[in-house]
Protein chains: 2
Amino acid sequence: MNRTQNKVQQIPESDDIQKMDTQTEAFRHNRELRKLALNDDYLELIADLIAKTGEARTVDIACRLGVAQPTVTKVIARLKREGMVISEPYRAIYLTDAGRLIAEKAKHRHQIIVSFLMAMGVDPAIAEHDAEGIEHHVSTETLQAFMAFLDRI
Amino acid sequence: MNRTQNKVQQIPESDDIQKMDTQTEAFRHNRELRKLALNDDYLELIADLIAKTGEARTVDIACRLGVAQPTVTKVIARLKREGMVISEPYRAIYLTDAGRLIAEKAKHRHQIIVSFLMAMGVDPAIAEHDAEGIEHHVSTETLQAFMAFLDRI
DNA sequence: TACATATTATAGCAAGGGCTATATTTTGAA
DNA sequence: TTCAAAATATAGCCCTTGCTATAATATGTA
């Protein structure tokens, strides 16, 4: 808990202290978001597979994400521990309410960002690609600014 | 290398195949970007510290990133292996040309995104925060679209 | 110079995502 | 119904980012 390296060596301007702390918080928060990004990817994809085929199978998730099947099994086990997902051995995977909520929010953000990037003149394929990465790092405020822009045009 | 799970189970429409492959590529690429994001953070911060104080010390990096000092030491060791950074035991850290290039590109992207988000009406502090996450996931094309927008207004 | 303090390095742990190889179970077709 | 093929689970590995505790080195000041 104690962080000895928090001692300030060369005394910075008070503005710099403020900036440092917010930047540190941003780093912390973004490290957290990078973890959650993987959850979003899985849950969004599971929701998509269920919508299209009625269920989400390990093999299909692995294929779509471009990872090996045991990797999926392991991540799903974690998502299960975290209450995002339901699954019985050798059976398909389904979402809990919590998981579905996250998936829906992620899809919503995704769609807005794709639309926004396209409105900015970005090629649809690239917009789709970039949105996949950006969607996990956009705050509610920024998302609203994007939506407001889409409304204005 | 072989990926047995690539066999397609239910034959999809040809459009869906195309979409699946691009989406899979996007996932792969974005997983890669998530790794590189940490490099960007370190290199950008090291460049900043060098610019301000003439050197980048482990303790300062740890403080700014909000992680423990041994974590920094370990990541720096990797960046050194990868030719991004130079350092002697118990001495400060400096950038190689390769590292400096990445830092400069990252800073450039960062600044454009902050300006862009602010132009979209996002609060400066939030813009700064979001840019920290978004900057690692924006393609050249999207960045150019942002710059074009900034020129237009 | 000597020594306390600050800084860096190292050891060792946990957790997570990635992989291959292989065992187990389901499933579908003969 | 039986049995091969497909799908899932498991074991076991690597690498990375985190952490704490502690050892080793640098640094500045008395």
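Predicted model, so just to flag it, every value in this text is computed and none were measured.
- Here the nucleotide nearest the side chain of A:Ala68, chosen from C:dG16, C:dT20, C:dG18, is C:dT20.
- Proximity note for B:Arg81 (side chain, C-beta onward) versus D:dT16, C:dT20, D:dC19: the nearest is D:dT16.
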A:Val85 vs A:Leu95, side chain to side chain contact (heavy atoms under 4.5 Å, CB included): CA-CA, chis, key distance, verdict: CA-CA 4 Å; A:Val85 135; A:Leu95 296 173; 4.1 Å; yes

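- Closest approach to the B:Thr58 side chain among D:dT20, C:dT8, C:dG16 is made by C:dT8 (side chain taken as heavy atoms from C-beta onward).
- Put simply, A:Thr73 has no side-chain N or O that comes within less than 4.0 Å of OP1 or OP2 on D:dT8.
- Closest to the side chain of A:Arg91, out of D:dT20, C:dC19, C:dT26, is C:dT26.
- Other residues, nucleotides and ligands place no more than 12 heavy atoms under 6.0 Å from the NZ atom of B:Lys107.
- Checking D:dA9, D:dT16, D:dC19 against every side-chain atom of B:Lys74, the shortest atom distance belongs to D:dC19.
- Residue-level contact check: B:Pro89 touches the backbone only, with heavy atoms under 4.0 Å from sugar-phosphate atoms and none from bases.
- Of the listed nucleotides (C:dA9, D:dT8, D:dA11), D:dT8 has the atom at the smallest distance from the side chain of A:Val59.
- In this structure, CZ of B:Arg57 is placed 8 Å from C1' of C:dA6, rounded to the nearest angstrom.
- Closest to the B:Arg31 side chain, of the nucleotides C:dA21, C:dT25, C:dG18, is C:dG18.
- Rounding to whole angstrom units, OH of residue B:Tyr90 and P of C:dA9 are separated by 7 Å.
- The shortest distance between the side-chain N/O atoms of A:Arg78 and the OP1/OP2 oxygens of C:dA15 is not below 4.0 Å.
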